[in-house]
Number of protein chains: 2
Amino acid sequence: MIKVLLAEDQRMMRGALALLLNLEEDMEVVAQVPAGDQIVDAALAARPDVALLDIELPGRSGLDAAADLRAQLPSCKVLIVTTFGRPGYLRRAMEAGASGFLVKDGPVEDLAAAIRRVLAGEQVIDPGLAAAALSAGPNPLTQRERDVLTAAVDGATVADIAGKLHLSQATVRNYLSAAIGKTGTRNRMEAVRAARRNGWL
Amino acid sequence: MIKVLLAEDQRMMRGALALLLNLEEDMEVVAQVPAGDQIVDAALAARPDVALLDIELPGRSGLDAAADLRAQLPSCKVLIVTTFGRPGYLRRAMEAGASGFLVKDGPVEDLAAAIRRVLAGEQVIDPGLAAAALSAGPNPLTQRERDVLTAAVDGATVADIAGKLHLSQATVRNYLSAAIGKTGTRNRMEAVRAARRNGWL
DNA sequence: GATCCGCCCTGACAAATGTCACGGTCCGCC
DNA sequence: GGCGGACCGTGACATTTGTCAGGGCGGATC
């Protein structure tokens, strides 16, 4: 019996997937969590063979949780299942020790198949996405540039960002300018969108 | 046998829901579409008793399609199933003739139950969401203000927007200013977010 | 030790943005 | 007809934003 942990914030999606996996003869969903910061605890309690993790979760990113999970429960494989096939996400997932990367845009049948392949020791990655990740190259943004960009996502002014990060306003403008340059965009709003699309945040 | 049409862009979600509904003794998914502009055609061909529509779909909004569907196939009830419980969405759904409004954050079991209630002539609406929709009041933005805001979502400059809408730059700035004032925000980025959160775009 | 590189800051500048007051047209409504 | 409101425009203004050219600090690397 394959024991599965499911981390997904949308309740309807989570329920549907759980039902679906439980229909498989050899699978059993032993834990379901709606938030990223509950993943490790739940896994240590339920000891699943494989963890299906969404990336964009409340509390904590599924990617961060994946790295922790691999360290604390190496017997549990990690399969990332996410809405967005962002190149940077795939790269970070691999670095975090994930064994597979699926997009929710694929057919449902792929899910159970992917789980079995992952448990057989294979790596499961969308070929097109892998190509995109390679062609996009690594994340060009420095830590600080990412900090400033993420602080700017919801329309914060330079003063807001400077206050939140304890930087001077001129410095914040510099980082924003650098990020705009590196993303090849024209203003902070475009830079934020470009960085998100690539999974750089 | 209850015949169901399913409009949802995420393939995995669509597949999971279809499987789930087909498990119900008295239901049958007779059509599945991934885009908003395929809804009416598919419905006229398959003649379902109820249509489950997502709102944010490629091609055409599920809300627009709902209005058309009600006009062209009045026997088919409309149930909106969406990720975001935005007050303005609920309001527009009701105006478009929808019989129910579910958020994907609810339990899966609600789905089949809601379908049966809708077919029995009931209206199915999340009570908390209904309250939010009423307290938020109607959309305060004029048509032009919405146009300008939607054109500004992806970081377009004033010049870009003016070109796209064939307005002068000064006029665009005026509409943006008006929208910022009405949303109680500080810049266009916050205004866009606030308008989206309320379902005003 | 010298040399990068990321990081933090400054000051100054041009361009874009947001605000205000104003005049005009068109349309629906009392 | 008069009125209000959505709509389009102008010009001027203060503020914010993005850019550029600097300097200084600490850690890693050769």
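Numbers restart at 1 for each chain; the letters A, B, ... are given by sequence-line order, proteins then strands. These numbers were taken from a predicted model, which means no experiment stands behind them.
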Does [N] have OP1 or OP2 under 4.0 Å away from a side-chain N or O of [X]?
X	N	answer
B:T142	D:dC7	yes
A:T157	D:dT16	no
B:Y175	D:dC8	yes
A:R188	D:dG18	yes

Begin with the C-alpha distance, continue with both residues' side-chain angles, and end with the deciding distance and a verdict on side chain to side chain contact (heavy atoms under 4.5 Å, CB included) for B:V78 and B:R70.
-> CA-CA 8 Å; B:V78 169; B:R70 289 299 298 159; 3.9 Å; yes
Can you measure [X] atom [atom1] to [N] atom [atom2] for me and round it to whole angstrom units?
X	N	atom1	atom2	result
B:D160	C:dA16	CG	C1'	12 Å
A:L141	C:dC7	CG	C1'	15 Å
A:L165	C:dC7	CG	P	12 Å
B:I161	D:dC8	CD1	P	14 Å
B:R173	D:dG9	CZ	P	13 Å
A:L176	C:dA15	CG	P	20 Å
A:R186	C:dT17	CZ	C1'	14 Å
B:M189	C:dG18	CE	P	11 Å

Applying the side chain to side chain contact (heavy atoms under 4.5 Å, CB included) test to B:Q169, which of B:D160, B:V158, B:I161 qualifies?
->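 Among B:D160, B:V158, B:I161, the one that satisfies the side chain to side chain contact (heavy atoms under 4.5 Å, CB included) with B:Q169 is B:V158.
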Centre of B:Y89's six-membered ring, under 6.0 Å away, within 45 degrees of the axis: is that where NZ or CZ of B:R92 sits?
-> no
Hey, are A:T83 and B:Q10 close enough side-chain-wise for a donor-acceptor pair under 3.5 Å?
-> yes
On DNA chain D, more 5' by nearest nucleotide between A:Q169 and B:L167 is B:L167
Closest nucleotide among D:dT17, C:dG18, C:dT17 to the B:I180 side chain |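 The answer is C:dG18.
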Nucleotide of D:dC8, C:dT10, D:dT17 approaching A:S168 most closely (side-chain heavy atoms) | C:dT10
OG1 on A:T183 to CG on A:N198, rounded to 0.5 Å = 9.0 Å
So CD1 of B:I125 and OG of B:S99: to nearest 0.5 Å the spacing works out to 9.0 Å
When you compare the protein's N or O atoms with those of nucleotides 20-29 of chain C, which come within less than 3.5 Å of each other, and at what distance?
unit_1	atom_1	unit_2	atom_2	d
C:dC20	N4	B:N174	OD1	3.1

Considering only NZ, NE, NH1 and NH2 on the basic side and carboxylate oxygens on the acidic side, decide whether A:R14 and A:D9 come within less than 4.0 Å.
->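 Answer for the salt bridge query: no.
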Which part of the nucleic acid, if any, lies within contact of A:R144, taking any heavy atom under 4.0 Å across all strands shown: a base, the sugar-phosphate backbone alone, or nothing?
->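 If one applies the 4.0 Å heavy-atom cut-off, A:R144 turns out to touch the sugar-phosphate alone, with no base involved.
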